[in-house]
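All residue numbers refer to positions in the sequence shown, counting from 1.
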Amino acid sequence: MSAIGVVSSCSCLRPGVWLLKPGMQKMSSFGLHTAARCAAKDYYEVLVLGGGTGGITMSARMKRKVGAGNVAVVEPSKTHYYQPLWTLVGGGAKQLATSARPTGSVMPKGVEWIKSRVTALDPDKNCVWLENDIKISYKYLIIALGISLHYEKIKGLPEGFHHPKIGSNYSVHTVEKTWKALQDFKEGNAIFTFPNTPVKCAGAPQKIMYLSEAYWRKTGKRSKANVMFNTSLGVIFGVKKYAGALLEIIKERNIAVNYKRNLVEVRADKQEAVFENLDKPGVTEVHQYEMLHVTPPMGPPDVLLNSPVSDEIGWVDVDKETLQHKKYPNVFGIGDCTNLPTSKTAAAVAAQSGVLDKTISLVMKNQLPTKKYDGYTSCPLVTGYNKVILAEFDYDGQPLETFPIDQSKERVTMYHMKADMMPFLYWNALLKGYWGGPAPIRKLMHLGLK
């Protein structure tokens, strides 16, 4: 995310797709907002779809513009997660419970929380449809529905997670299985995957690999582990500066990287993973594993598929500089659900929130947006239990670093920023609408050098 705040491994921080653990379903009685299974009104000046990072952040900002009673958030989930922490949970460095808070506790005071799902969008009539055929109209619509995980597109999943030796840091229900598989490792292949789809934070699938390798070195098991990164991509990372640094680490730690390999099947009962060779259609490879970490295929939420607000793939079709919809001027998008051509991270959401705030303010005054989003995104590449390479870059894949140092170097300070400082900033600044990314800090840092 950003160098100071919301650097993340995942972006819009949508809840998991399975039933929540009983202990995480409890709601605290904070009395901070209006909550309703059905909306108290059928019209809101600002309607926000989604209560993840982008949705909560923008509802806090909109509350200050139009008043809490004129803002509503549609979100069915009872629990809000800070998913960037799950990299460290999967590596045994943090507890899962520290990443979760009741949705009611992060909903801005006075903003109505509609506990329902959106089933259809009708931007031509300025309304959306919720479950039970409830219609809500709006003056301005902010779409922040995040990204959907599709474990089911891999044959043998998600049921394969009931077996040992397999985990995934992308779901609340499987992240602790990663740590269990890591601890139980004895001898053999440890395989880490990257799917042939867009994902939340392209660095996350390999972060857990570096943590695992470090753990086995620490526990004396490294010589028995054949660490493999099977990625559907043709490069280790999309930004050359950081890719070079990662390749050096991979070489030093004797990690095997197999490019253009896409996981298509898991035979969990046999501990076998089947990969297709993307350079040779129809050709597959079967690997035995002692540990398997799965990054699932991902895509737009179902409600956005074939929606008037979406492009041909299903992503919300917004202007890449203003985040205003290309066809509907009173509709806006933020975060993972959009077709913005940048890496999908919570850091990107932070930067986007500041721009979108300015965009909506001007649109409300019948003025043209002037603030431009440069594609800023960030990924804190965790390379060990006390090391991070802080990657920050723009639409063009050019480094856009906050600090006047070489951020392609592994640093202990950056690790502590990710592990300790950023969670604090997330809960206390970003979700409250006060953090719009590190651009002001970057400007001050670099001005100080002149």
Return the NZ to CH2 distance between Lys432 and Trp427, rounded to the nearest 0.5 Å.
10.5 Å
Separation of Trp315 CH2 from Asp336 CG (nearest 0.5 Å)
7.5 Å
Let me confirm one number: the OH-CD distance from Tyr376 to Gln352, rounded to the nearest 0.5 Å.
11.5 Å
Any chance you could measure Leu96, atom CG, to Thr98, atom OG1, to the nearest 0.5 Å?
7.5 Å
Which heavy atom of Gly333 sits nearest a heavy atom of Leu356, and at what distance?
O-CD2, 4.1 Å
Yes or no on side chain to side chain contact (heavy atoms under 4.5 Å, CB included) for Thr377 and Tyr395, after CA distance, side-chain angles and deciding distance?
CA-CA 8 Å; Thr377 189; Tyr395 275 136; over 6 Å; no
Flag, side chain of Thr295 to backbone of Thr193, donor-acceptor distance under 3.5 Å:
yes
Worked verdict on Tyr215 versus Trp179 for side chain to side chain contact (heavy atoms under 4.5 Å, CB included):
CA-CA 10 Å; Tyr215 178 80; Trp179 175 229; 3.6 Å; yes
Smallest heavy-atom separation, Ser343 atom then Cys201 atom, equals OG-CA, 4.3 Å
Taking Thr174 for the side chain and Ser168 for the main chain, is one N or O donor matched with an acceptor at less than 3.5 Å?
yes
Where the side chain of His80 meets the backbone of Gly51, is there a donor-acceptor pair that is under 3.5 Å apart?
yes
Determine whether the aromatic ring centres of Tyr151 and Phe161 lie less than 6.0 Å apart.
yes
Taking atom CG as the centre, does Asp124 end up with more than 12 heavy-atom neighbours from other residues, nucleotides or ligands that are less than 6.0 angstrom away?
yes
For the residue pair Phe393 and Tyr242, does the interplanar ring angle fall in the parallel (under 30°), tilted (30 to 60°) or perpendicular (over 60°) class?
tilted
What is the minimum heavy-atom distance between Val199 and Pro195, and which atoms define it?
CG1-CG, 3.4 Å
Counting heavy atoms not belonging to Asp133, are there more than 12 under 6.0 Å from its CG?
no
Can you label the angle between the Phe229 ring and the Phe194 ring as parallel, tilted or perpendicular, going by 30° and 60°?
perpendicular
Of all heavy-atom pairs linking Val303 and Val118, the shortest is CG2-O, 3.6 Å
dist Asn189:CG -> Glu272:CD (nearest 0.5 Å) comes out at 11.5 Å
Side-chain donor/acceptor of Trp216 to backbone N/O of Ser223, under 3.5 Å:
no
Tell me whether His293 contacts the main-chain N or O of Asn169 through its side chain, where contact means a donor paired with an acceptor under 3.5 Å.
yes
As a quick check of understanding, evaluate side chain to side chain contact (heavy atoms under 4.5 Å, CB included) for Leu425 and Leu430, giving each step before the final call.
CA-CA 6 Å; Leu425 271 169; Leu430 179 61; over 6 Å; no
Do the non-hydrogen side-chain atoms of Ile143 and Leu121 ever get within less than 4.5 Å of each other?
yes
Run the numbers on Trp86 and Thr178 for side chain to side chain contact (heavy atoms under 4.5 Å, CB included), then give the verdict.
CA-CA 10 Å; Trp86 289 357; Thr178 301; over 6 Å; no
Donor-acceptor pair, side chain of Thr119 and main chain of Trp129, under 3.5 angstrom
yes
Are any of the side-chain heavy atoms of Ile166 and Leu157 separated by less than 4.5 Å?
yes
The test is side-chain hydrogen bond (donor to acceptor under 3.5 Å, both in side chains); show your working for Gln324 and Thr359 and say whether it passes.
CA-CA 7 Å; Gln324 185 177 30; Thr359 291; over 6 Å; no
Going by heavy atoms in the side chains, are Met298 and Leu149 under 4.5 Å from each other?
yes
Shortest non-hydrogen separation from Ser116 to Glu131 and the atoms involved
OG-OE1, 3.3 Å
Is a side-chain donor or acceptor of Ser59 paired with a backbone partner of Gly55 at a separation under 3.5 angstrom?
yes
Value rounded to 0.5 Å, distance of CG in Leu431 from CE in Met107:
10.5 Å
So do Met228 and Tyr289 actually touch side chain to side chain, heavy atoms under 4.5 Å?
no
On the 0 to 90° scale, with breaks at 30° and 60°, tag the His287-Phe275 ring pair as parallel, tilted or perpendicular.
perpendicular
Closer than 4.0 angstrom, basic N to acidic O: yes or no for Glu290 and Lys221?
no
Give the C-alpha distance, both sets of side-chain angles, the deciding distance and a yes or no for salt bridge (charged side-chain N to carboxylate O under 4.0 Å, His left out) between Asp357 and Lys371.
CA-CA 9 Å; Asp357 191 14; Lys371 182 79 171 177; over 6 Å; no
Answer with yes or no after comparing the ring centroid distance for Tyr385 and Tyr415 against a 6.0 Å cut-off, counting only values under it.
no
Side-chain contact test, heavy atoms from C-beta onward, threshold under 4.5 Å: evaluate it for Phe332 versus Thr322 and give yes or no.
no
Atom of Tyr373, atom of Ala348 and distance for their closest heavy-atom approach
OH-CB, 3.6 Å
Please determine whether the number of non-hydrogen atoms from other residues, nucleotides or ligands lying under 6.0 Å from atom NZ of Lys387 exceeds 12.
no
Answer yes or no: does atom CD of Glu152 have more than 12 heavy-atom neighbours from other residues, nucleotides or ligands under 6.0 Å?
yes
Ignoring hydrogens and geometry, is there a side-chain-to-backbone donor-acceptor pair from Tyr170 to Lys200 under 3.5 Å?
yes
Kindly indicate whether the side chain of Gln407, heavy atoms from C-beta on, has any atom under 4.5 Å from the side chain of Pro399.
no
Any luck finding a side-chain donor-acceptor pair between Thr103 and Glu75 under 3.5 Å?
no
Considering only heavy atoms from C-beta outward, does the side chain of Lys327 approach that of Pro123 to under 4.5 Å?
no
When you measure from the side chain of Thr338 to the backbone of Gly335, do you find a donor-acceptor pair of N or O atoms at a distance under 3.5 Å?
yes
With a 4.5 Å heavy-atom cut-off, do Lys207 and Pro380 have their side chains touching?
yes
Using the rule given for salt bridge (charged side-chain N to carboxylate O under 4.0 Å, His left out), can you reason through Asp406 versus Arg411, listing the C-alpha separation, both sets of side-chain angles and the distance that settles it, and then say yes or no?
CA-CA 10 Å; Asp406 183 358; Arg411 297 183 187 276; 5.9 Å; no
Can we say Glu176 and Lys180 salt-bridge, meaning some charged N sits less than 4.0 Å from an Asp/Glu carboxylate O?
no
So does Leu381 get a backbone contact from the side chain of Gln206, meaning a donor-acceptor N/O pair under 3.5 Å?
no
